[in-house]
**Q** 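Please read through the structure below; I'll follow up with questions.
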Amino acid sequence: MADPDSLNPEQREAVSYRGGPLLVLAGAGTGKTRVIVHRVASLIREGAAPERILAVTFTNKAAEEMRRRVDALAPGGGALAWVYTFHAFAARILRSHAQRLGLPRRFTIYDQDDQKRLVAESIKELGLEKEKNKASLYVSLISRAKDDLLDAQSYAIYAMAQNDPSRETVARVYEVYQKKLSASGGLDFGDLLLKLVELFRGDAAIRELYQERFLHLLVDEYQDTNHAQYIITKTLASKHRNLCVVGDPDQSIYSWRGAHVRNILEFESDFPNAKVVRLERNYRSTPNILQAASLVIEHNRGRLKKSLWTERPEGPSVEVEELADEREEARSTARRAARLLDEGFSPKDMAVFYRTNAQSRSFEEAFTLAQIPHRVVGSVRFYERKEVKDALAYARAALNPADSISLSRILNVPPRGLGKASQEALEAHAKKTSAALREALEHADKVENLTPAARQGAAELVLLLEQLRREFEALGPADAMEAVLQKTGYWAWLEGLAESDPEEAARMENLQELLNAVREFEETCGEKPAPSPASGEQQAPARAALPEAPRIERFLESAALQTQADAYDANRPSVTLMTVHLAKGLEFPAVFLTGLEEGLFPISSVNTNPEELEEERRLCYVGMTRAKERLTLLHAATRRVFGRVYSNLPSRFIFEAGLIGRPAEDAAMARAHCAPAAMRVKAGMRVRHPEFGCGEIVEKSGSGEMLKVTVAFDSGATKKLLLRYAPLSPA
DNA sequence: TTTTGATAACTTTTT
DNA sequence: GTTATCAAAA
């Protein structure tokens with residue numbers, strides 16, 4: 001937009017409406033973030049105290065950006081307003097009431113990896129042999145339950161009422177898992193929201209305190225809120241009723257994570273007299289891009305009709321290209337990117353989106369080969385790397401003696417004679433005395449079945465952790481983290497290993513990067529910068545004005561709440577490679593949307609479920625609408641997955657976008673309403689096999705995954721093929 | 001106890 | 001094709 005401070009009439013209405021609940025239905029690229037920023041700024045300019053405004057965003061990065069932009073419009077205001085993700089907001093509130101919640105002052109926030117270990121332990125403890133490989137499944141079931149505000153007890157009741165044995169098993173695992181979690185004085189992601197709701201429900205005084213406090217409430221990406229977040233929003237808004245939610249039902253892509261589109265669809269009945277503002281003027285994309293995306297999304301049923309329009313010039317048409325395989329797809333993408341560079345695009349103007357992280361590899365290779373600067377966002381999360389987690393675990397274990405989860409992680413890293421046998425002996429002792437692992441370690445002399453070496457190792461570790469805790473008192477986060485790496489011998493240990501193993505050398509680099517990240521955190525403070533007197537522009541955080549210097553605890557929390565999307569840096573001069581999910585909320589002049597194949601995008605698991613297919617379609621819509629000027633859709637005829645070659649038909653979304661004619665068979669449309677994603681076959685149909693040539697289907701047997709066809713090939717051979725694996729395509 | 005090698009599981013998306 | 005996990009050897 002020409003003038004960043006001008007607003008169109010609908011935007012202005014959304015910014016200035018002061019009559020209570022407000023729903024802003026904001027299509028892709030219609031200036032949704034602008035509206036929120038301007039609304040917050042104008043509230044502040046009208047005299048609202050910034051610290052009585054709460055704005056909830058989807059990622060920490062978005063929160064940062066919003067703070068910065070509000071500050072530019074209402075100097076000082078952005079720094080004081082509460083701008084957080086739901087999880088960061090919950091963590092902040094829970095910390096100030098840790099005591100009454102029976103939580104340690106420095107409770108740990110556990111991530112998915114920690115959850116998985118804990119669930120695996122719980123499963124083992126319950127002797128559920130058959131379930132031992134399903135830890136991830138249980139983690140997600142438990143997480144979903146928490147999103148829906150079902151604690152372990154409620155879940156057990158619910159499972160019993162359903163008379164569902166598998167749910168009852170989940171309930172048992174949930175219960176043991178939760179006990180372990182509490183014993184470690186920790187919360188997982190779901191707990192942050194669940195405990196906040198419990199706090200509000202259980203303590204009227206605290207609830208009213210916050211209801212009174214937040215005079216104005218804004219929630220971004222409301223279509224992707226889960227039940228817990230919905231309840232939090234509703235609770236906080238019930239006093240002043242100044243709630244503004246912004247979102248787009250067509251961009252709801254997180255139902256698998258517990259989000260309910262109905263939260264936004266039912267806003268008007270939830271808040272009678274709610275004002276609804278629709279933003280339909282798109283400032284981002286060319287008409288060609290917009291039309292293709294609209295054609296796709298219109299195939300979803302039961303959506304709120306809305307039509308985006310733009311006054312932007314036509315622009316080049318959306319391109320579609322089919323390639324032989326995923327390597328060709330990547331090479332073509334790199335070639336096209338190089339061409340755009342020649343045309344004057346900068347690498348940071350371009351993005352490659354894919355459905356699954358596994359697809360990133362071929363693009364990395366192709367871009368490296370073509371010497372185009374690029375960056376994969378989020379495939380292996382930085383804070384989930386082993387060495388980084390180990391370093392953080394040391395800090396957590398030192399700070400929180402109850403944190404058995406972190407302690408067990410680093411018990412023998414680097415090796416100190418506390419191997420598997422010793423660990424089991426210590427854990428057995430801890431269990432017997434119903435104490436934390438740390439206490440067993442402290443009383444290693446009383447623990448049976450320990451070798452002298454193990455006893456010595458235990459004593460050293462206890463000493464080390466105590467020493468670290470004492471040192472943390474006087475150190476900033478960066479020095480504290482450095483102390484961890486030095487004093488634990490972790491650094492020296494890796495250095496030794498790195499001599500013979502380049503992978504270990506890479507680990508050292510990651511730890512160096514961790515130290516950089518802590519330093520950066522320390523400098524920017526991670527917390528709100530002090531209010532600046534006049535200029536809204538970049539200001540040096542005034543250290544003296546802060547209530548307390550940043551400490552390692554704060555860094556640990558920020559690291560735990562870090563999201564993948566937060567790793568994206570718009571200023572980096574490189575092509576961005578990311579999943580479509582991560583692309584939500586971003587925009588790029590040129591976008592390559594790749595892997596548009598049946599079975600991959602939409603992904604094959606949507607076979608049976610029309611709702612999931614609609615979510616895939618929304619995901620595709622999100623991907624397409626990120627593009628401002630150029631949009632290229634790519635798909636590969638064959639693709640190697642798991643080392644096995646699959647041949648895929650072009651995605652139905654390409655047909656739906658009106659970009660290539662439907663195939664003669666009309667196969668894609670016929671499947672559009674949930675038939676198997678695999679090729680639809682019938683007897684008599686002509687097919688092609690890369691090895692055996694063309695032939696005719698003479699018989700069909702089995703069904704679903706086991707669907708087999710007998711093909712009489714023109715060569716004379718007759719073969720029975722499992723449709724799932726056979727690289728057959730219609731001839 | 002630690003390192004090494006084999007095996008099985010994994011891939012949909014993540015706050 | 002890769003990575004995490006588990007058993008046997010040093």
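Here is the naming used below: chain letters follow the sequence lines, and residue numbers restart at 1 for every chain. As a basis for the values below, the full set of heavy atoms in this structure was taken, side chains included, without hydrogen atoms, waters or symmetry mates.
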**Q** Are side-chain N/O atoms of Asp188(A) and Tyr177(A) paired as donor and acceptor at under 3.5 Å?
**A**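 Yes, because at least one side-chain N or O of Asp188(A) sits under 3.5 Å from a partner of the opposite role on Tyr177(A).
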**Q** Would you say Ser422(A) places a side-chain N or O within less than 4.0 Å of OP1 or OP2 belonging to dT1(B)?
**A**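 Ser422(A) to dT1(B) OP1/OP2: side-chain N or O found under 4.0 Å.
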**Q** By nearest atom, which of the nucleotides dT15(B), dT11(B), dT1(B) is closest to the Ala454(A) side chain?
**A**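 Selected nucleotide: dT1(B).
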**Q** Using whole Å, report how far CG of Leu411(A) lies from P of dT1(B).
**A**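 Taking CG of Leu411(A) and P of dT1(B), I get 11 Å after rounding.
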**Q** Taking atom C1' of dT5(C) as reference, at what distance in whole Å does atom CD of Glu121(A) sit?
**A**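 Distance check: Glu121(A) CD to dT5(C) C1' gives 15 Å.
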**Q** Look at all strands and tell whether Phe86(A) reaches a base, only sugar-phosphate, or nothing, counting heavy atoms closer than 4.0 Å.
**A**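 Nothing, no nucleic acid heavy atom in range.
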**Q** If you only use heavy atoms from C-beta on, which nucleotide in dT12(B), dT1(B), dT14(B) is closest to the side chain of Thr451(A)?
**A**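 Selected nucleotide: dT1(B).
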**Q** Tell me which one of Glu656(A), Glu612(A), His299(A) satisfies side chain to side chain donor-acceptor pair (under 3.5 Å) with Arg617(A).
**A**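 In the set Glu656(A), Glu612(A), His299(A), the residue that makes a side chain to side chain donor-acceptor pair (under 3.5 Å) with Arg617(A) is Glu656(A).
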**Q** Would you please confirm or rule out a distance under 4.0 Å between OP1 or OP2 of dT14(B) and any side-chain N or O of Thr579(A)?
**A**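 Checking Thr579(A) against dT14(B): at least one side-chain N or O falls below 4.0 Å of OP1 or OP2.
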**Q** To the nearest Å, how far apart are Ile253(A) CD1 and dT15(B) P?
**A**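 Distance, rounded to whole Å: 11 Å.
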**Q** Checking contacts here: which listed nucleotide (dT12(B), dT2(B), dT14(B)) is nearest the side-chain heavy atoms of Gln112(A)?
**A**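 So the nucleotide nearest the side chain must be dT14(B).
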**Q** Between Asp325(A) (side chain only) and Arg639(A) (backbone N and O only), is there a donor and an acceptor less than 3.5 Å apart?
**A**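 Side chain of Asp325(A) to backbone of Arg639(A): no pair is present.
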**Q** Return the 5'-most residue of the pair Gly417(A), Thr57(A) with respect to DNA chain B, ranking by each residue's nearest nucleotide.
**A**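 Residue closer to the 5' terminus by nearest nucleotide: Gly417(A).
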**Q** Could you state the CD-P distance from Gln456(A) to dT1(B), rounded to the nearest angstrom?
**A**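 Checked: the CD to P distance equals 14 Å.
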**Q** Please tell me if Asn357(A) has a side-chain N or O lying less than 4.0 Å from either OP1 or OP2 of dT12(B).
**A**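 Answer is no, no contact under 4.0 Å.
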**Q** Rounded to the nearest Å, what distance is computed from the CD atom of residue Gln423(A) to the C1' atom of nucleotide dT2(B)?
**A**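 Gln423(A) atom CD is separated from dT2(B) atom C1' by 15 Å.
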**Q** Mind checking whether Tyr490(A) and Trp493(A) have parallel, tilted or perpendicular rings, split at 30° and 60°?
**A**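 It falls in the perpendicular class, over 60°.
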**Q** Using a cut-off of less than 4.0 Å, is there contact between a side-chain N or O of Asn226(A) and OP1 or OP2 of dT15(B)?
**A**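 Looking at the OP1 and OP2 atoms of dT15(B), neither is under 4.0 Å from any side-chain N or O of Asn226(A).
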